[in-house]
J.: 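This structure is in structure tokens; I'll ask about it shortly.
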Amino acid sequence: MTASTATPATLDTVLSHIDSDIDAATARLIELLRIPSISTDPAYKDDCARAADWLVADLETLGISARAIPTPGHPMVMGKYEGPEGTPHLVFYGHYDVQPVDPLDLWDNDPFDPKLEETAKGTVIRGRGTSDDKGQLMTFVEACRAWKEVHGTLPCTITFFFEGEEESGSPSLIPFMEEYKEALKGDVALICDTGLFGHDTPAIVTMLRGLMGEEVTITAADRDLHSGMYGGVARNPIHVLTKLIAELHDDEGRVTLPGFYDGVNELPAEVAAQWEALGFDHKSFLGEVDLSQPAGEKDRTPLEMIWSRPTLEVNGITGGYTGDGFKTVLPSKASAKISCRLVGNQDPEAIRAALRAHIEAGLPEDCTVSYNPHGSGPASTMATDHPAFEAARVALSDEWPNEAAFVGCGGSIPIAGYFKQIVGVDALLTGFGRDDDGLHSPNEKYDLECFHKGIRSWARILDKVTAAT
Ligand code: BES
Ligand code: ZN
């Protein structure tokens, strides 16, 4: 499908409109940010629905017919704009749910009362979801708004698809996408939930890690015991659990589970060379969070560790007495939340089975184990030969001071692979977050510059991708 690209003058008019509307766009974003749509906590169910309704109403102000579609979890927002005859169909995805805010006392302001704040590095919008992902989602909506206000129409057909469960592992996504497969069948899917490379280099993600999560609970005695009366003779489940966890890595930083590396491929030489040329400065990346030493597999570069190698991490561990003061207790239970980032063709369920087998092989006879499996999904690789990739690369390079880079992403976005597997559409991921945004952390922020240039980037991408697709 071909359509003529906007003339430079028409694109420039949209970009100028974006510039003059940035304060109003920021105010709209702040309205959305004020809704505490924490998907993982049932207490915020109504707020998730409110955020979905807010987005429906906002899309309707652009002349887009939209609705919030119920799921067993939180609603999906779908909207469609029919573009001029013969133009491509783009499907845009972002998520309106956010992570929990605890520990709340580490926030300098109310996470759901976002404010513009002047910092040494520039103006930031601070609050939960600013960067992950409401601010990013709104960069696309605002680009469409500017285009519509300038031209009275959008450049092509666009389906808007906003999820409210991404931070909970997207439990409703597969059945939903199966049901709405036809509506989601565009020429390319655009996903805005990732970041820049370094400070100023726009990035298009070519590979994304998958995820497997498992909560393991070990029970020893049927109640907590006095450690003076039982200590020495009774089994301590924290000791059992931590020993089993310690065995999961060897001294070289490799994961010891049998079969863990099945399906992990070596990086093609040209990709390794391209990554090398990015000049990733791991000292400053780690220095930013007060660390200095790469802690993964000893024979891998830091970029490989983040983008193309799998990991096994303990995300949380509980057991025994953790309150103030001291209590001489032998706990009955200990549990750990363990997750693996997956790459290549690693099979999440095979890895879950290997982890369970390891625990069960080392479990003392008088202990029991129970599991709470969390969502899982394999890694995905993007089709960089799709014409939208080159179009987006040029568009992003026009907006930012540096040429756009093709990068990996260590995080996971379940939908990225589902677009191809379920709907048969290639996905293109780009986004404008910075490493210091504090995703999932206290004091999350989104640089105003990223919001503004992100909107401008999407206007340029809409222009170029419409012409190329
Ligand atoms: N926006 C992130 C993905 C991401 C992480 C992009 C790091 C760039 C850098 C996304 O919202 C996210 O947090 N995904 C979760 C998925 C999980 C809960 C299934 C993740 O990666 O942990
Ligand atoms: Zn996230």
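Just so you know, ligand 1 is whichever comes first in the structure, and atom 1 is the first atom listed for that ligand. Excluded from the calculations below are hydrogen atoms, water molecules and symmetry mates; all remaining heavy atoms, backbone and side chain alike, are included. Numbers for residues simply follow the sequence, beginning at 1.
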J.: Between the side chains of Asp47 and Arg50, is the shortest nitrogen-to-carboxylate-oxygen separation below 4.0 Å, so that they form an ion pair?
T.: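 So Arg50 pairs with Asp47 through a salt bridge.
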
J.: Who passes salt bridge (Lys or Arg N to Asp or Glu O under 4.0 Å) against Glu117, sequence neighbours left out?
T.: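 Once residues adjacent in sequence are excluded, the partners of Glu117 under the salt bridge (Lys or Arg N to Asp or Glu O under 4.0 Å) criterion are Arg126.
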
J.: What short N/O contacts, under 3.5 Å, does ligand 1 make with the protein, listed by atom pair and distance?
T.:
residue, atom, partner, partner atom, Å
ligand 1, 1 (N), Asp132, OD1, 3.2
ligand 1, 1 (N), Asp193, O, 3.0
ligand 1, 1 (N), Asp193, OD1, 2.8
ligand 1, 1 (N), Asp193, OD2, 3.2
ligand 1, 11 (O), His95, NE2, 3.0
ligand 1, 11 (O), Asp132, OD1, 2.8
ligand 1, 11 (O), Asp132, OD2, 3.3
ligand 1, 11 (O), Glu166, OE1, 2.8
ligand 1, 11 (O), Glu166, OE2, 3.4
ligand 1, 11 (O), Glu167, OE2, 3.2
ligand 1, 11 (O), Asp193, OD2, 3.3
ligand 1, 13 (O), Glu167, OE1, 3.3
ligand 1, 13 (O), His440, NE2, 2.8
ligand 1, 14 (N), Glu166, OE2, 3.2
ligand 1, 14 (N), Ser412, O, 2.8
ligand 1, 21 (O), Arg341, NH1, 2.8
ligand 1, 21 (O), Arg341, NH2, 3.4
ligand 1, 21 (O), Ser412, N, 2.9
ligand 1, 21 (O), Ser412, O, 3.3
ligand 1, 22 (O), Arg341, NH2, 2.8

J.: Could you tell me whether Arg28 and Glu31 have a side-chain N and a carboxylate O separated by less than 4.0 Å?
T.: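 Salt bridge absent between Arg28 and Glu31.
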
J.: Thinking salt bridges, do Glu266 and Arg300 make one under a 4.0 Å N-O criterion?
T.: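 Yes, charged N to carboxylate O under 4.0 Å.
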
J.: Is the number of heavy atoms from other residues, nucleotides or ligands within 6.0 Å of CG (Asp46) greater than 12?
T.: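 Check fails, neighbour count at 12 or below.
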
J.: Hey, is Lys121 close enough to Asp447 for a salt bridge, meaning N to O under 4.0 Å?
T.: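 Between Asp447 and Lys121 there is no salt bridge, as every charged N stays at least 4.0 Å from the carboxylate O atoms.
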
J.: Using side chain to side chain donor-acceptor pair (under 3.5 Å), reason through Thr318 and Ser335 one step at a time and then give a plain yes or no.
T.: CA-CA 5 Å; Thr318 49; Ser335 55; 3.2 Å; yes

J.: Is it true that Arg434 and Glu449 make a salt bridge, defined as a side-chain N closer than 4.0 Å to a carboxylate O?
T.: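 A salt bridge is present here (some side-chain N lies under 4.0 Å from a carboxylate O).
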
J.: Any side-chain hydrogen bond (donor to acceptor under 3.5 Å, both in side chains) involving residues 388-398? Give me the pairs, sequence neighbours left out, ordered by first then second residue.
T.: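 Those involving residues 388-398 are Glu390-Arg393, Arg393-Glu403.
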
J.: Sorted by chain and residue number, which protein N/O/S atoms are under 2.8 Å from the Zn ion (ligand 2)?
T.: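 You should have found Asp132 OD2, Glu167 OE1, Glu167 OE2, His440 NE2.
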
